[in-house]
Amino acid sequence: MSRFQDKVVIVTGAASGIGKEIAHAFAREGAKVVIADLKQDAATAAAAEIVASGGIAMGVAMDVSNEDAVNVGIDGAHDAYGRIDILVSNAGIQIVHPVESFPFADWKMMLAVHLDGAFLTTKACLKHMYADKSGSIVYIGSVHSKEASPLKAAYVTVKHGLLGLSRVVAKEGAKHNVRANVVCPGFVRTPLVEKQIPEQAKELGISEADVVKTVMLKETVDGEFTTVEDVAEAVLYFAGAKSNALTGQSLVVSHGWFME
Ligand code: NAD
C-alpha cells in the first residue's frame, strides 16, 4: 500500500513550480490531490497531468486571499472527496523593493497572498480536520523564515509570520490530533525565482549571472539550487509522520545556506 493511499491532500498554488511537484509527489504515493490555484483552467490542466499519469486529482479555482473563494473551494473539495487529511499552504508571490520606496499596495498584496492565504485556508481545513480528529498542515516558508535579505521586507516578514501561525496551530490542533509544520526552501529555479533575477540585477546594479552567484547561491555549501523534488520530499516527510511528536517544527532545505 502506498504511503498516502486514499489520503486527501489540498495543495495551494499547485499549478506551477514547487506546489506542482508536491501535488505529483502525493499523487504518486496514492493520495487524492486537490490542486487549488488562481485560475480554473490552470488548476484543471495541472490536475489532468496527474490523472494522465495514473493519479487521482481535481482542480479548484481559488484566490487564497479571498475568504469566500477559499471557503467555497475547500468545502467543494471536501464534498468531492469526503475528507481533508493534509493541507499544503504553498501559494505565493514575490515583490521586491527597498523599504523606503516599497509601495504600500504591494506590501498589502504580499501580506494578503502569503499570510491571509495561509490563515484562511488553515481555518477552512481545520473545521473538517477537527471533525475527523486528524490532520496535518505543512506551510511552505523559506530560508527567509529565518534570514533577511535586502529588498525583501514583505517576503521576509510574511515568511517569518508563517512560523508563528504554524506554532499556534500546532498548540491548538494537538487536542484534535492535527499537526502543523513549516518547510523552508532555499532558492528553487521556478517561475517565481526566474522573475526575480532580472529585477534584482536592476535594483542592485549587477549582472543576472552575479545575482545567481553572489546573491542567491552565495551562502550555500556547494553553489547549487534546491530542487522542487527536494522540497516535496520534506513536505511528505512532515505530512506522513506517524505520531504527534513532529509538530510545531520547521525544516530548512537549502544546500546549507541557512544552518540551524
Ligand atoms: P510559482 O510562481 O512557480 O508558483 C506559485 C503558484 O501560486 C502559481 O501557480 C500561482 O498562480 C499561485 N498563486 C499566486 N497567488 C495566488 C493566490 N492568491 N491564490 C492562489 N494561488 C496563487 O512559485 P514557487 O517558486 O513554486 O513558489 C511556491 C511557494 O514556495 C511560495 O510560497 C514561495 O514563497 C515559496 N518558496 C519559493 C522558493 C523559490 O526559490 N522558488 C524558495 C522558498 C520558498
Side-chain angles (χ1 to χ4, degrees), residues 1-64 69-92 117-118 120-140 166 169 173 176-183 228-229 231-244 246-247:
M1 178 142 140
S2 303
R3 192 151 55 127
F4 292 96
Q5 196 67 44
D6 296 328
K7 298 284 184 201
V8 178
V9 185
I10 297 181
V11 187
T12 67
S16 173
I18 291 171
K20 188 173 189 175
E21 175 54 28
I22 292 169
H24 276 264
F26 273 115
R28 285 193 295 270
E29 293 284 351
K32 297 174 182 168
V33 181
V34 180
I35 309 268
D37 210 298
L38 277 175
K39 298 252 161 41
Q40 184 67 57
D41 54 349
T44 303
E49 275 184 44
I50 289 177
V51 173
S53 50
I56 301 174
M58 65 184 277
V60 170
M62 183 191 296
D63 175 351
V64 295
V70 168
N71 290 338
V72 168
I74 303 276
D75 289 348
H78 185 267
D79 288 348
Y81 287 148
R83 51 187 297 113
I84 294 170
D85 297 289
I86 296 159
L87 166 67
V88 183
S89 172
N90 163 82
L120 290 171
T121 51
T122 296
K123 186 177 172 193
C125 286
L126 282 182
K127 180 176 71 177
H128 301 295
M129 291 174 171
Y130 284 1
D132 288 341
K133 285 265 166 227
S134 168
S136 174
I137 300 179
V138 182
Y139 299 95
I140 303 303
S166 174
V169 174
H176 306 281
N177 203 27
V178 171
R179 298 178 299 108
N181 294 286
V182 186
V183 171
V228 291
E229 290 81 8
V231 181
E233 199 176 324
V235 170
L236 268 64
Y237 174 70
F238 270 139
K242 297 269 182 288
S243 80
N244 287 337
L246 202 56
T247 194

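For the single chain, residues carry numbers from 1 onward in sequence order.
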Report the C-alpha distance between Ile140 and Val88 in whole Å, list the side-chain angles of each, state the deciding distance to 0.1 Å, and finish with yes or no for side-chain contact (heavy atoms from CB on, under 4.5 Å). CA-CA 7 Å; Ile140 303 303; Val88 183; 4.2 Å; yes

Among all residues two or more places apart in sequence or in another chain, which pass the side-chain contact (heavy atoms from CB on, under 4.5 Å) test with [X]?
X: Ala69; answer: Asn66
X: Thr121; answer: Thr12, Met62, Val64, Val70, Leu87, Ser89
X: Asn244; answer: Asn177, Arg179
X: Ala61; answer: Gln40

Find the distance between [atom1] ([X]) and [atom2] ([Y]) and round it off to the nearest 0.5 Å.
X: Asp6; Y: Tyr81; atom1: CG; atom2: OH; answer: 11.0 Å
X: Ile74; Y: Thr122; atom1: CD1; atom2: OG1; answer: 9.0 Å
X: Ile86; Y: Lys7; atom1: CD1; atom2: NZ; answer: 7.0 Å
X: Lys32; Y: Asp85; atom1: NZ; atom2: CG; answer: 9.5 Å

Return yes if some donor-acceptor pair links the side-chain N/O of [X] with the main-chain N/O of [Y] below 3.5 Å, else return no.
X: Asn90; Y: Gly13; result: yes
X: Asp37; Y: Ala43; result: no
X: Glu29; Y: Phe4; result: no

Of all the heavy-atom pairs spanning [X] and [Y], show the shortest one and how long it is.
X: Ala57; Y: Ala47; result: CB-O, 3.8 Å
X: Ala15; Y: Ile35; result: N-CG2, 4.0 Å
X: Ala31; Y: Val9; result: CB-CG2, 3.7 Å
X: Phe238; Y: Leu246; result: CD2-CD2, 3.6 Å

Take Val183 and Val231 through the test side-chain contact (heavy atoms from CB on, under 4.5 Å) and record every step on the way to the result. CA-CA 7 Å; Val183 171; Val231 181; 4.0 Å; yes

Expected list for residues 18-26: side-chain donor-acceptor pairs under 3.5 angstrom, two or more places apart:
unit_1 : atom_1 : unit_2 : atom_2 : d
Lys20  : NZ     : Glu49  : OE2    : 3.1
Glu21  : OE2    : Arg28  : NH2    : 2.8

Validation: residues 128-136 side-chain donor-acceptor distances under 3.5 Å, sequence neighbours left out:
unit_1 : atom_1 : unit_2 : atom_2 : d
His128 : NE2    : Asp75  : OD1    : 2.9
Lys133 : NZ     : Lys175 : O      : 3.2

State, yes or no, whether a side-chain contact exists between Val169 and Ile137 at a heavy-atom distance under 4.5 Å. yes

